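In this text the structure is predicted, and so the values were computed from the model without any measurement. Throughout, protein chains are lettered first and strands after them, A, B, ... in sequence-line order, and every chain is numbered starting at 1. Hydrogens, waters and symmetry mates are skipped; everything else that's a heavy atom, side chains included, is used.
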Amino acid sequence: GENVEQHPSTLSVQEGDSAVIKCTYSDSASNYFPWYKQELGKGPQLIIDIRSNVGEKKDQRIAVTLNKTAKHFSLHITETQPEDSAVYFCAACSGNTPLVFGKGTRLSVIA
Amino acid sequence: DAGITQSPRHKVTETGTPVTLRCHQTENHRYMYWYRQDPGHGLRLIHYSYGVKDTDKGEVSDGYSVSRSKTEDFLLTLESATSSQTSVYFCAISGGQGLGQPQHFGDGTRLSIL
């Protein structure tokens, strides 16, 4: 089955700097890759997703890149703000099997 | 926000007692999921449903059962709770065709088993 590895587990950045979180997956049939943000006491919230037919997707300060050959995808947050502090999860699936999540990255943005 | 309500939001119970958690959606989505979240493990799928009375096991299904008698409700039951089932439980829903669709999560149920 699918296995998703996520790094780093914790990340601290200065406000205004960029943050990058990386994930690798094992199943070459995976074709859907969402990213979730989880704030304290809340459920995960979808922030961006990408499908295997594109290599990059942007939404304001966040972007996701996908390298199918290497089986890895990354979340990029630019101009970080204190409200970006949260736990971020990546996930992958093939469409025939449920999403498999990474173990999460705790991002702290220091003002 | 997607219309997902989990109940109860918090529960404390004793080992060996039965526990049922409820997930209710107002989106008429086909797929519903139950996850548990534990430190160091991220989100792990317990069971999911792809329609009324249609369910399948996830990664950590032992000790759990589910039922879906209506589109809007998905119940998770711990027949005889154990301390290892202390966790935060999340329900999620997704629509469209197939499992590769965005999932929307409820705000969770914090379950403590003493």
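Residue contact with chain B, scored on non-hydrogen atoms closer than 4.5 Å, is absent for S94(A). Residue contact with chain B, scored on non-hydrogen atoms closer than 4.5 Å, involves the side chain of Q38(A) exclusively. Residue F33(A) does not touch chain B at all, counting heavy-atom pairs closer than 4.5 Å. The contact between L45(B) and chain A is made entirely by side chain atoms (from C-beta outward), counting heavy-atom distances below 4.5 Å. With a 4.5 Å cut-off on non-hydrogen atoms, Y35(B) touches chain A through its side chain but not through its backbone. Contacts between P98(A) and chain B at a heavy-atom distance below 4.5 Å involve backbone atoms as well as side-chain atoms. Using a 4.5 Å cut-off between heavy atoms, Q97(B) makes no contact with chain A at all.
Residues I93(B) and Y89(B) are members of one and the same hydrophobic cluster, defined by side-chain heavy-atom contacts under 4.5 angstrom among Ile, Leu, Val, Met, Phe, Trp and Tyr. Linking ILVMFWY side-chain heavy atoms closer than 4.5 Å, directly or via other members, places I47(A) and V13(A) in a single hydrophobic cluster. When hydrophobic clusters are built by joining Ile, Leu, Val, Met, Phe, Trp and Tyr residues whose side-chain heavy atoms come closer than 4.5 Å, directly or via intermediates, F73(A) is grouped together with I62(A). Both Y25(A) and I21(A) sit in one connected hydrophobic cluster of ILVMFWY residues. Membership requires side-chain heavy atoms under 4.5 Å apart, directly or through other members. Residue F89(A) is grouped with residue F90(B) when hydrophobic side chains (ILVMFWY) are merged at heavy-atom distances under 4.5 angstrom, including chains of intermediate members.
In this structure, Y32(A) contributes its side chain and L99(B) its backbone to no donor-acceptor pair below 3.5 Å.
Within the model, atoms CG of D38(B) and NZ of K103(A) stand 11.5 Å from one another, a figure rounded to the nearest 0.5 Å. Here the CD atom belonging to Q101(B) is positioned 9.0 Å from the CG atom belonging to D49(A), to the nearest 0.5 angstrom.
For chain A, the option among G40(B), G58(B), S94(B) with the highest count of heavy-atom pairs below 4.5 Å is G40(B). By number of non-hydrogen pairs under 4.5 angstrom with chain A, the leading residue of Y31(B), Y33(B), Y48(B) is Y48(B).
The heavy-atom pair separating K42(A) from D107(B) by the smallest distance is CD-OD1, 3.8 Å. Between C93(A) and G100(B) the shortest heavy-atom distance is SG-CA, 3.5 Å. Shown here for P102(B) and R51(A), the closest heavy-atom pair between the two residues is CD-NH2, 4.3 Å.
Within 6.0 Å of CG on L114(B) lie more than 12 heavy atoms contributed by other residues, nucleotides or ligands. For CD of Q81(A), the number of neighbouring non-hydrogen atoms (other residues, nucleotides, ligands) closer than 6.0 Å is greater than 12. Shown here is R30(B), whose CZ atom has more than 12 heavy atoms of other residues, nucleotides or ligands within 6.0 Å.
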For the pair F101(A) and Q37(B), evaluate side-chain contact (heavy atoms from CB on, under 4.5 Å) and give the outcome as yes or no after the intermediate values.
CA-CA 11 Å; F101(A) 285 81; Q37(B) 185 173 39; over 6 Å; no

